Every structure is written in structure tokens, then in C-alpha cells.
Amino acid sequence: MKVASGKAMYNNNEIGIRIRSLRKEKNMTQTDLANKLRVSRTCIANWENGIRQPDNKTLTMMSQLFAVPVDYIYGRTNHKYNIKIPDYLDIDLTKLNSDGISMLYEYYKYLISSDRFKSE
């Protein structure tokens, strides 16, 4: 991260690589993503090619759409998912690929939607 005139600047190429990768993981075209974010396909292409970077509001929307932290899109972390696991559980999520993580996340959403499994 560079700082110029008091404004944080991130590596546009890294952001673009992350956006392209996340988009492809969801089997989305640039046009699909553009429609969901209400921007032009050219914007998506410019982000993915490192020419420009999305604004904070759009990054937040992408973060929600792809279910990853904004820091992952920025390239500040390689952790795609925010997971809090109690210390007494011995779980190594690095052994799961992104499909496995997505399935685990879907199952988690199912569990927390049920009063039977929800914590107080």
C-alpha cells in the first residue's frame, strides 16, 4: 500500500486479479458482474486490467456479493473468509478448496437460520 496526498493507494493489478478470480469462481461474465454492481462492463474490464480501481462503495458491494472481506479484494490478506473458530476446535480450513469453503459457508447459513442451532 502506498500513501499519496493522505490517500491510501493499493496495487491496481492485485485488485484486478482478485476481482477477475472471484468473478470466474462464480461463473460470471464481466457483463453479469457489471449488471449486479450497476456499472458498465468497461468499468469491470478496467478494474481487472489494473487501469482503475473501484470506489469504496462498489468494493463493499463486491465483498458482499462474493462473500469475502474487502481486505481480500485489496490484497491485504489472503484469507477469503472471516471465520471465528473456538480455540478448542482443531480445524484446518486450508485443507478445503474454495468449493469446500463455499459449501461449509452454505451449511453454516442453514444452521444459523434454525432456532435449534442458533446460540443465544
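Bear in mind the structure is a predicted one, so any value in this text is a computation, not a measurement.
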Donor-acceptor pairs are to be reported for all side-chain atoms of residues 61-72 against protein atoms at under 3.5 Å, with residues two or more places apart or in another chain.
from, atom 1, to, atom 2, distance (Å)
S63, OG, V68, O, 2.5
D71, OD1, R76, NE, 2.7
D71, OD1, R76, NH2, 2.2

*Where do G50 and N13 come nearest, in terms of heavy atoms and distance?*
CA-OD1, 3.6 Å

*For R23 and E48, which heavy atoms make the closest approach, and how far apart are they?*
NE-OE2, 2.6 Å

With heavy-atom distances below 4.5 Å as the criterion, would you say the side chains of [X] and [Y] are in contact?
X    : Y    : result
V39  : W47  : yes
T29  : L33  : no
R20  : K24  : yes
I15  : I19  : yes
Y108 : I112 : yes

*Members sharing I17's hydrophobic cluster (side chains within less than 4.5 Å)*: none

*Could you work out the complete set of other residues in the hydrophobic cluster of F117, with links drawn between I, L, V, M, F, W and Y side chains under 4.5 Å apart?*
Y107, Y110, L111

Nearest 0.5 Å, please: how far is [atom2] in [Y] from [atom1] in [X]?
X    : Y    : atom1 : atom2 : answer
I73  : L59  : CD1   : CG    : 5.5 Å
N46  : R41  : CG    : CZ    : 9.0 Å
M28  : N35  : CE    : CG    : 8.5 Å
S114 : K109 : OG    : NZ    : 15.5 Å
D55  : R52  : CG    : CZ    : 12.0 Å

*side chain to side chain contact (heavy atoms under 4.5 Å, CB included) between E106 and I101: does it pass, once the steps are laid out?*
CA-CA 9 Å; E106 291 302 317; I101 295 287; over 6 Å; no

_Heavy-atom donor-acceptor pair, T60 side chain to N56 backbone, under 3.5 Å_ = yes

*Distance only, no hydrogens: is a donor on one side chain within 3.5 Å (strictly under) of an acceptor on the other, for D99 and S102?*
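Looking only at side-chain atoms, S102 and D99 do not form any donor-acceptor pair under 3.5 Å.
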
